[in-house]
Amino acid sequence: MRDLPIEVISAVVQNVSATEDLLHLRSLNWTYKELVTPRVFSTLHIKNSIQSAQNCHQIIGAANLATHVREVIYDSRDNECFQLPPNNVGNDALEVSELEEALTEAFCEITALPRIDRVVLNFWPSFLSQSGREVHETPFWFTNRQLTLLHAIHHGMKSSRMTTLSVNNVIMPATCYDFISSLTDSPLSHLSISVVSNAEISAWSGSKNVNGSLGALLPPSNLTLKSLVVRSPHGPYHSLTTRLSSFHYPSLESLVLENIVFDQMPSADGVEEFVLRHKDTLHRLELQSCACHIPGSSTDARRWSTIWQRWTAKLTSLREIVVNSDGHSYVLLDADRGYVPHGPISAAAFEDDSSSLQMFKDTIAAGRVVVM
């Protein structure tokens, strides 16, 4: 293989995907090294372990390798189900502290990656010890690690070329972090946030009202952000302290909401008004399993038909609306079970909601778009 024409060698490299195999090819000779290096170091994977963080820190410190890194992915775990640990979990505070230090050193150096474009942070409540054993973290260390890494990433944003940030399994803080609210010139054009649901938080903390505002991790208003995704994959997310009135992104074109609960009454701080605030630029809106909050069984619901009708009249720039089959339901806050589906609404109300949504879709389809 050492004496093959460059075209054949290039074809071989392009058909190899496993990192271990690529690293083996890279060690064969100079030609393979030149062809393989840009591929194998384009994405930097950092596991939740001290050794992995230190290895990545060394790669970032090597200029000949750092120049190829376009994406950093932290703690990606395929087919693993997220579950918060019980409060009685114990672990080695010294090793956890050393892990945080190693991760902080690695992520604070992303400014040394001249072509970095995308960062993905996946938070799992466990880490690999230096002996190779998986160690479950206490809630304190889990949330503290989130704070540490988010701080490091936002520090790096001040001078990096990063345009995309995805944060998964994050617990929303009660208030916005200063290092986020002070970053007035955020470079992000795409932001995706996946939050821990109300049910998960409730089981962990014993409280039904600990969730922070959806705005806690949003950058200050800016002209750069074009795409925003806010998801709660494992159940409804609703915060009584949601404060969105100060957020406006004049370039926002796409908004995706999943399992997000709308307030009973519209207000400048709520999700409904946040959507309307971007009526001049929003081209695509997707709602997956969203719901309206009803404070009590005797309280009048904020009907989805009313929301659809408002948006039909005002979202004049919208080109595509995606709503799944259960994307407009109603929920109650139960003292014992958290947010639970509201009982069946009347047939007339259901028909009104459905027909208003269909009219919304038809209005958009009559313009210049494809409707799903």
Side-chain angles (χ1 to χ4, degrees), residues 190-191 213-215 218 221-223 225-232 236-240 242-295 299-331 341-342 344-372:
H190 307 282
L191 174 61
S213 168
L214 289 175
L218 295 182
S221 299
N222 64 74
L223 294 169
L225 192 66
K226 294 183 177 180
S227 172
L228 176 61
V229 178
V230 182
R231 304 171 56 243
S232 178
Y237 186 93
H238 183 242
S239 172
L240 300 177
T242 292
R243 299 288 183 269
L244 298 177
S245 59
S246 63
F247 298 101
H248 179 220
Y249 306 105
S251 300
L252 189 68
E253 298 176 353
S254 176
L255 176 62
V256 178
L257 302 173
E258 179 184 349
N259 264 325
I260 302 303
V261 179
F262 286 46
D263 291 332
Q264 183 217 6
M265 294 300 295
S267 72
D269 284 322
V271 178
E272 183 180 341
E273 295 299 320
F274 177 82
V275 173
L276 285 175
R277 200 150 48 245
H278 298 89
K279 59 185 177 62
D280 293 331
T281 59
L282 198 61
H283 295 330
R284 185 179 189 276
L285 176 62
E286 179 176 342
L287 272 64
Q288 297 289 339
S289 304
C290 291
C292 279
H293 173 227
I294 304 175
T299 308
D300 290 338
R302 172 68 174 171
R303 294 278 302 283
W304 275 106
S305 58
T306 304
I307 297 175
W308 300 137
Q309 290 163 17
R310 287 190 74 203
W311 286 358
T312 301
K314 296 186 177 182
L315 295 179
T316 56
S317 295
L318 204 62
R319 300 174 183 172
E320 182 180 355
I321 174 68
V322 180
V323 181
N324 67 338
S325 58
D326 60 343
H328 50 114
S329 59
Y330 299 90
V331 293
H342 185 269
I345 60 175
S346 68
F350 177 81
E351 176 60 30
D352 196 18
D353 286 350
S354 299
S355 61
S356 295
L357 173 58
Q358 189 59 51
M359 183 178 295
F360 186 20
K361 291 182 175 182
D362 291 344
T363 299
I364 297 171
R368 51 192 180 281
V369 299
V370 176
V371 178
M372 296 176 64

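For S251 (side chain) and L223 (main-chain N/O), a donor-acceptor pair under 3.5 Å exists by modelled atom type. The closest donor-acceptor contact from the side chain of S221 to the backbone of S246 lies under 3.5 Å. Side-chain atoms of N324 come within 3.5 Å of backbone atoms of S289 as a donor-acceptor pair (strictly under, hydrogens ignored). Side chain of S329 to backbone of A291: no donor-acceptor contact under 3.5 angstrom is found.
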Start with the C-alpha gap between F274 and V230, add the side-chain angles, then the distance that decides, and say whether side chain to side chain contact (heavy atoms under 4.5 Å, CB included) holds. CA-CA 13 Å; F274 177 82; V230 182; over 6 Å; no
Show, in sequence, the C-alpha distance, side-chain angles and deciding distance for I321 and L315, and conclude whether the side chain to side chain contact (heavy atoms under 4.5 Å, CB included) test is met. CA-CA 11 Å; I321 174 68; L315 295 179; over 6 Å; no
Would you please test L257 and F262 for side chain to side chain contact (heavy atoms under 4.5 Å, CB included) and show each step? CA-CA 11 Å; L257 302 173; F262 286 46; 4.2 Å; yes
I would like to know whether V256 and V322 meet side chain to side chain contact (heavy atoms under 4.5 Å, CB included); could you show each step before the answer? CA-CA 9 Å; V256 178; V322 180; over 6 Å; no
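In this view, R231 and E258 satisfy the side-chain hydrogen bond (donor to acceptor under 3.5 Å, both in side chains) rule, not counting sequence neighbours. In this structure T312 satisfies the side-chain hydrogen bond (donor to acceptor under 3.5 Å, both in side chains) test with no other residue, sequence neighbours excluded. Under the side-chain hydrogen bond (donor to acceptor under 3.5 Å, both in side chains) criterion, Q358 pairs with D362, sequence neighbours left out. For D263, the salt bridge (Lys or Arg N to Asp or Glu O under 4.0 Å) test picks out no residue, with sequence neighbours left out. Residues forming a ring pair (Phe, Tyr, Trp, His ring centres under 6.0 Å) with H293 (at least two apart in sequence, or on another chain): H238, Y339. E253 is linked by a side chain to side chain contact (heavy atoms under 4.5 Å, CB included) to H283, counting only residues two or more places apart in sequence or in another chain. Scored by the side chain to side chain contact (heavy atoms under 4.5 Å, CB included) test, S227 finds H190, S254 as partners (sequence neighbours excluded). For S305, the side chain to side chain contact (heavy atoms under 4.5 Å, CB included) partners two or more places apart in sequence, or in a different chain, are R303, Q309, D352, D353, S356.
Residues I307 and C292 form a side-chain contact, since some pair of their non-hydrogen atoms from C-beta on lies under 4.5 Å apart.
Rounding to the nearest 0.5 Å gives a distance of 12.0 Å between CZ of R243 and CG of L214. In this structure, CG in L255 is found 11.0 Å from OH in Y249, a value given to the nearest 0.5 Å. In this structure, L287 CG and I260 CD1 are separated by 9.5 Å, a value rounded to the nearest 0.5 Å. With values rounded to the nearest 0.5 angstrom, W311 atom CH2 is found 12.0 Å from T306 atom OG1. Here OG1 of T363 is found 10.5 Å from CG of L318. Values are rounded to the nearest 0.5 Å. With values rounded to the nearest 0.5 angstrom, N222 atom CG is found 10.5 Å from H248 atom NE2.
Across N259 and C290, no two heavy atoms sit closer than the pair N-SG, 4.1 Å.
Contacts classified as side-chain hydrogen bond (donor to acceptor under 3.5 Å, both in side chains) and involving residues 266-279 (residues at least two apart or in different chains) are given here: S245-D269, E272-R302, E272-R310, E273-R310.
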